[in-house]
Amino acid sequence: MKRTIISALMLLVAVWSVAAPENEDGSRLWLRLEKTNTTATVTGVKGTAMTELQNYWQGGPVVLKRQKGMAADAYTIKGEGGKTTISAANDAGLLYGAFHLLRLQQSGQSTTGLDIKEQPAYTLRILNHWDNPNGTVERGFAGKSIFLNPDPERMKTYARANASIGINGTVLNNVNAKPEALTTESLQKAKAIADQLRPYGIRVYLSINFASPIKVGGLETADPLDANVVSWWKDKVNEIYKMIPDFGGFLVKANSEGEPGPQDFGRTHADGANMLGKVLKPHKGIVMWRAFVYKPQSRDRANQACEEFVPLDGQFADNVIIQIKNGPVDFQPREPYNPLFTSLQKTPMMVEFQITQEYLGAANHLVYLAPMWKEFFGWVKPASLKAMAGVANIGDDTNWCGHHFAQSNWYAFGRLAWNPALTSEQIADEWLRQTFSNEERLVGPVKQLMLDSREACVSYMMPLGLHHIFAGGHHYGPEPWYAPRGVRVDWTPPYYHKADSIGLGFDRTLAGSGNVKQYPEELFRLYNDINTCPENLLAWFHHVPWDHKMKSGRTFWDELCHKYDDGVHQARGFLTVWDAMQPYVDQQRFDEVQRKLRIQARDAEWWRDACLLYFQTFSNRPIPQDMEHPVHNLDEMKQFRIPISMYENPPYGYTK
């Protein structure tokens with residue numbers, strides 16, 4: 001007892017000894033180094049790298065050196081003879097090396113005697129902004145587009161933040177592109193943004209509407225094999241490159257969800273992509289052609305990417321890259337990898353991750369996504385890809401992302417695009433030290449919270465392979481019962497969960513939709529058998545009987561109940577961990593994160609109660625006695641609605 005009291009007193013003394021940090025609003029992201037009072041000694045190649053070091057470097061002399069024979073963007077950092085030398089083949093490499101040095105300084109690591117060699121895994125590391133001409137952001141939860149009326153200082157911070165983690169490309173507009181993106185007025189605006197980003201090694205790209213020759217050019221067709229259409233695209237591309245000489249190229253969503261494409265004219269994806277690739281090639285531009293395609297009333301939406309693109313394997317031009325979402329449906333909290341990644345053998349591919357939390361609690365839930373992306377790389381070899389793209393979570397909110405911890409996903413995407421071998425723990429550690437502090441009493445507990453957060457979210461939303469059971473009209477809360485007349489069946493939860501008196505889940509075995517056959521033989525055999533299928537994907541691949549015995553010894557129904565309840569308790573636990581961090585975090589950010597975590601804990605209850613009470617009407621089994629029972633009833637859950645506007649930009653004070 002005496003020892004316990006002494007320990008408690010020591011903890012209190014330790015807490016009291018921590019000076020209260022000054023309030024911060026999150027606008028500086030992880031770039032929180034203060035400018036030095038005296039200019040650091042930096043010599044060699046002049047440019048943005050030198051400016052960054054002169055402003056923020058607090059160590060000894062640094063030499064910036066151009067060195068031939070190195071890969072683009074690669075750099076070395078060597079410390080010897082009382083100075084540090086950063087060498088690279090290009091300005092971007094020197095800038096990345098400078099930010100690496102500053103990262104070491106900011107996170108309290110040694111900056112002497114360094115011997116570092118870094119080379120990016122991918123030459124293309126791109127953010128996709130789903131920003132619309134009117135300033136709204138599709139699946140954006142952090143305010144309006146930063147590109148609507150670009151503020152020079154904010155654009156500089158945006159550019160610096162991207163360069164600090166190695167991102168070198170930005171798609172300025174929504175994949176559901178409006179034709180006006182290619183008007184001369186819009187292109188002039190894109191030029192102004194490109195000029196602001198260029199000093200930081202960032203090239204701009206544009207999403208295009210495939211019907212632009214009709215809607216902008218006044219032609220009667222957008223057939224990619226029509227000579228007049230090809231001529232129109234050539235002229236438009238020449239116009240773009242006169243304005244933006246280092247323009248990166250086009251991102252294209254075609255023949256998906258009602259967007260126009262080459263199939264409207266009896267042509268293939270390859271016909272459309274190759275036409276654009278041909279007109280871009282003289283300018284060294286590329287085409288990123290999305291493989292997100294599905295038709296209404298399909299037997300299994302997860303099958304369609306392979307069905308449409310595998311027959312075209314090897315037919316795409318060498319400057320066309322097929323951009324594939326990490327999973328086969330749509331950025332769900334957990335999915336297997338998209339089998340197109342192992343089905344295409346002769347076609348360049350890139351992965352598309354979603355940084356914005358469309359299906360993961362928007363800007364209300366703390367969900368660190370690096371573990372999800374690392375899970376993907378456990379299936380798909382990084383070397384099999386040519387590039388990485390991430391759907392941005394950035395808006396004009398003061399803290400950029402709507403949730404202070406959502407900044408970590410922007411950061412993690414950039415770091416993994418540079419080096420997919422980095423661990424989730426390494427990245428979280430870096431980000432916390434730069435964004436909050438090097439205080440170990442904060443870094444340790446909060447890092448663990450971050451590492452646990454994605455699995456907790458899966459548990460309280462859609463455990464054991466459940467997917468896409470969100471509310472109609474938005475992707476925030478649960479509505480597994482949503483199935484009104486007149487709505488496409490593949491836009492309703494029952495299409496995915498298939499709940500009935502027998503069990504729950506989508507049968508994708510050979511006896512069902514046959515989706516398992518799109519995977520390599522080893523995985524096909526694993527997934528096709530309910531007894532060997534990983535339990536975290538069980539309801540993804542199987543219609544699981546309610547009494548199926550799980551590894552825990554419980555029935556599937558009891559395991560489902562416990563998973564939901566575990567997720568609720570984890571979400572509550574995150575709030576407890578954060579409350580203990582108050583001495584180490586400025587009051588403003590502490591309060592704002594605390595409010596979000598309270599919302600997350602309440603939302604976790606909402607998910608558990610709505611899903612278990614609804615699925616119980618099919619299972620006809622009791623909620624296990626050794627867990628917390630739902631605190632609401634099903635009728636209450638079915639009456640609850642939130643406005644779509646609240647989903648798109650949920651306020652801090654949101655409560656149900």
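Residue indices begin at 1 and follow the sequence shown.
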Determine all donor-acceptor pairs shorter than 3.5 Å in which one atom belongs to a side chain in residues 212-222; sequence neighbours excluded.
residue: S212; atom: OG; partner: N209; partner atom: O; Å: 2.6
residue: T221; atom: OG1; partner: D223; partner atom: N; Å: 3.0

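The aromatic rings of F470 and W607 sit perpendicular to each other, their planes meeting at more than 60°, with 30° as the lower class boundary. The aromatic rings of F331 and W130 are tilted relative to each other, their planes meeting at an angle between 30° and 60°. Aromatic ring orientation, H365 versus Y476: perpendicular (interplanar angle above 60°, classes split at 30° and 60°). Ring geometry for Y337 against F341 counts as tilted: the plane angle lies between 30° and 60°, on a 0 to 90° scale. Ring geometry for W233 versus F210: interplanar angle of 30 to 60°, hence tilted.
For the ring pair (Phe, Tyr, Trp, His ring centres under 6.0 Å) test, no residue two or more places apart in sequence or in another chain qualifies with Y205. N303 pairs by the side-chain hydrogen bond (donor to acceptor under 3.5 Å, both in side chains) definition with N515, not counting sequence neighbours. Checked against ring pair (Phe, Tyr, Trp, His ring centres under 6.0 Å), H474 has the following partners two or more places apart in sequence or in another chain: Y647. Under the side-chain hydrogen bond (donor to acceptor under 3.5 Å, both in side chains) criterion, D246 pairs with R198, sequence neighbours left out.
A cation-pi arrangement is not found for K381 relative to F377, the charged atom failing to lie both closer than 6.0 Å to the ring centre and inside a 45° cone about the ring normal. The side-chain tip of R508 points at the ring of F506 from less than 6.0 angstrom away and within 45° of straight on.
If you take CG on L464 and CZ on R334, they are separated by 9.5 Å, rounding to the nearest 0.5 Å. A distance of 6.5 Å separates CD1 of I244 from CG of L206, quoted to the nearest 0.5 Å.
A side-chain donor from one of Y460 and Q600 sits under 3.5 Å from a side-chain acceptor of the other. Of the N and O atoms on the side chains of Y496 and R301, at least one donor lies less than 3.5 Å from an acceptor on the other residue.
The list of side chain to side chain donor-acceptor pair (under 3.5 Å) pairs with a residue in residues 269-284, not counting sequence neighbours, reads N238-H283, Q263-H269, T268-D271, H269-W289, H269-E308, K281-D318.
None of Y527, W379, W540, F524 except one satisfies the ring pair (Phe, Tyr, Trp, His ring centres under 6.0 Å) rule with Y519; the exception is Y527.
Annotation for L148 and P133: closest pair CD1-O, 3.5 Å, computed over non-hydrogen atoms.
Ionic pairing of E239 and K242 is not present here: no N-O contact between side-chain nitrogen and carboxylate oxygen is shorter than 4.0 angstrom.
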